Chemist: 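Got a structure for you, questions after.
Note that the structure is a prediction, hence the values are computed from the model and not measured. Hydrogens, waters and symmetry mates are skipped; everything else that's a heavy atom, side chains included, is used. In each ligand, atom 1 is the first atom listed, and ligand 1 is the first ligand listed.
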Amino acid sequence: MKTLLKGGTVVSGTGLRRADVLMENEKISRISRHLEGADRVVDVSGCLLFPGFIDAHTHFDLDVAGTTTSDDFYTGSRAALRGGTTTVIDFACPNKGDSLHDGLDLWHQKADGKAFCDYGFHMTIDDWNEGIRAELPDMFAAGISSFKMYMTYPAMMIGDRDMYWALKELRRLGGIVGVHCENAGVIDGMIAERKAAGKLSPASHPVTRPPYLEAEAVSRLLRIAQAADTPVVIVHLTNREALREVEAARKRGQTVYVETCPQYLLLDESVYFHDEFSAAARYVCAPPLREKAEQPYLWKALRKGAIQTVSTDHCSFTLEQKAMGREDFTKIPGGLPGVETRGELIYSYGVAKKRISAAQMCKALCENPARLYGLYPRKGLLRRGSDADIVVYDPGASHIIRSEDCIANVDYNPYEGFVTSGGIRQVWLRGRLSVESGRVLVQEPQGQYMARGKRSL
Ligand code: DUC
Ligand code: ZN
């Protein structure tokens with residue numbers, strides 16, 4: 001079966017070109033002007049054709065703070081697909097004391113046969129010892145080429161010495177590490193002070209996790225990476241001081257990749273100061289939302305290529321789950337949903353508002369994550385031989401984001417009331433029409449596990 005998308009404009013990381021796209025056996029078989037000879041022809045004139053979006057930062061079916069994210073692989077990946085994301089890379093997380101192999105098995109149990117889009121895993125390293133070192137080659141053999149470490153959350157963080165050793169070993173093996181950068185000790189101290197003062201509302205959340213304590217951790221990580229002589233990824237970077245640390249490291253000659261998320265580009269910390277608990281608690285995530293004044297710095301960094309990727313850190317909890325922290329802000333499970341709205345938000349508030357170009361959006365959502373995480377050129381671009389993952393984006397459409405229209409398993413949307421410029425008309429996953437006008441057409445999970453290779457960014 002040959003399917004032809006006719007009359008559209010193909011988007012790549014370098015620009016736009018008018019071309020028809022022929023799909024055959026799950027792959028793109030030709031891209032050229034005026035193609036003919038397909039079993040099925042779909043008119044996409046006036047639309048932009050993006051490679052399927054890649055979300056390299058999701059948390060599906062994750063246990064956090066005594067509860068579990070409301071989205072599992074079934075609901076989360078279905079919502080992702082509806083939002084144009086054809087591949088997610090989720091964070092496999094071994095239970096405390098378990099091996100990396102156990103963590104990998106556990107994540108396959110959670111994901112296999114349940115995902116509507118393609119998926120891969122990063123592996124979390126929250127401990128460092130000979131056993132874990134010995135497991136790493138098997139991780140690469142299983143298609144895991146990227147890892148995650150934490151500089152905060154006492155139960156997860158591995159400390160400077162172990163991080164140094166782990167980074168050195170991963171450099172030797174050709175892996176890459178994404179790091180959550182926030183200073184743990186001072187944050188703990190500030191939290192204890194707020195609690196002692198009886199200040200237990202969500203308003204204490206941003207106060208106890210200030211941007212400079214993120215910048216401090218970024219700076220320290222980058223010096224540890226300098227010592228280990230290895231590239232690193234800063235995940236969910238939120239602010240200009242942290243960006244300055246990245247810039248300084250790059251001036252020293254280090255390779256540093258940066259991810260940010262729609263919530264830091266579009267939302268700000270004022271939401272935490274709402275009097276009503278639920279209105280504020282729903283936005284609790286770490287790092288917290290920042291002052292609005294940070295946003296232009298992030299957009300500029302994206303435009304200049306100083307930030308490489310925009311992922312979501314999708315980690316959804318219902319309002320009932322958020323209410324676990326009604327008496328104590330530290331018990332609010334942290335995280336926001338985002339996987340369903342990222343593409344339309346970045347187009348609407350980035351491309352349509354001329355903060356970034358469509359090509360820059362394509363780099364941040366498609367090409368760069370594919371290259372950074374070893375999926376390129378199977379994913380991340382539209383080219384002969386690549387998977388036929390395509391988002392047909394109609395720039396002339398518009399709608400209002402409403403929780404009630406969304407399908408993620410969560411009862412609010414952080415972007416409620418945001419108006420889109422354009423909209424996703426169709427999503428094709430490996431040559432199959434999977435979403436049309438907001439409706440998921442496929443009844444059964446069709447996502448495949450993606451064993452990933454090494455970085456090419
Ligand atoms: N931050 C969150 O808010 N949730 C999940 C993990 C993280 O780093
Ligand atoms: Zn995360």
Chemist: Please work out whether the ring planes of Y150 and H180 are parallel, tilted or perpendicular, with thresholds of 30° and 60°.
Modeler: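 Tilted, since the angle between the ring planes falls between 30° and 60°.
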Chemist: How about the Zn ion (ligand 2), which protein N, O or S atoms come within less than 2.8 Å?
Modeler: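 You should have found H57 NE2, H59 NE2, D313 OD1.
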Chemist: Tell me which residues fall inside the under-4.0 Å heavy-atom shell around ligand 1.
Modeler: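 Answer by chain and number: H59, Y153, H180, H236, C285, A286, D313, C315, G334, G335.
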Chemist: Find out whether the Lys NZ or Arg CZ of K110 is both under 6.0 angstrom from the six-membered ring centre of W107 and within 45° of the ring's axis.
Modeler: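 Checked: cation-pi criterion met.
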Chemist: Looking at every non-hydrogen atom in both residues, tell me the closest pair between R240 and E294 and how far apart they are.
Modeler: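 Minimum heavy-atom contact is N-OE1, 2.9 Å.
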Chemist: Is it the case that over 12 heavy atoms from other parts of the model lie below 6.0 angstrom from the CD atom of E276?
Modeler: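 Yes, the 6.0 Å shell around CD holds more than 12 heavy atoms from other groups.
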Chemist: Taking the six-membered ring where the residue is Trp, are the ring centres of Y74 and F60 under 6.0 Å apart?
Modeler: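 No, the ring centres sit 6.0 Å or more apart.
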Chemist: Please tabulate, for side-chain N and O atoms in residues 183-192, each donor-acceptor pair with protein atoms closer than 3.5 Å (sequence neighbours left out).
Modeler:
residue: N183; atom: OD1; partner: G185; partner atom: N; Å: 3.1
residue: N183; atom: OD1; partner: V186; partner atom: N; Å: 2.8
residue: N183; atom: ND2; partner: E216; partner atom: OE1; Å: 3.0

Chemist: Hey, can you tell me if F50 and Y347 have their rings parallel, tilted or perpendicular (30° and 60° cut-offs)?
Modeler: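 Perpendicular, since the angle between the ring planes exceeds 60°.
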Chemist: Scan the side chains in residues 286-293 for donor-acceptor partners under 3.5 Å anywhere in the protein, sequence neighbours excluded, and list what turns up.
Modeler:
residue: R290; atom: NE; partner: T238; partner atom: OG1; Å: 2.8
residue: R290; atom: NH1; partner: R209; partner atom: O; Å: 2.6
residue: R290; atom: NH2; partner: E214; partner atom: OE1; Å: 2.9

Chemist: Do K148's NZ or CZ and the ring of F121 fall within the cation-pi criteria of under 6.0 Å and 45°?
Modeler: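 No, K148 does not sit over the ring of F121.
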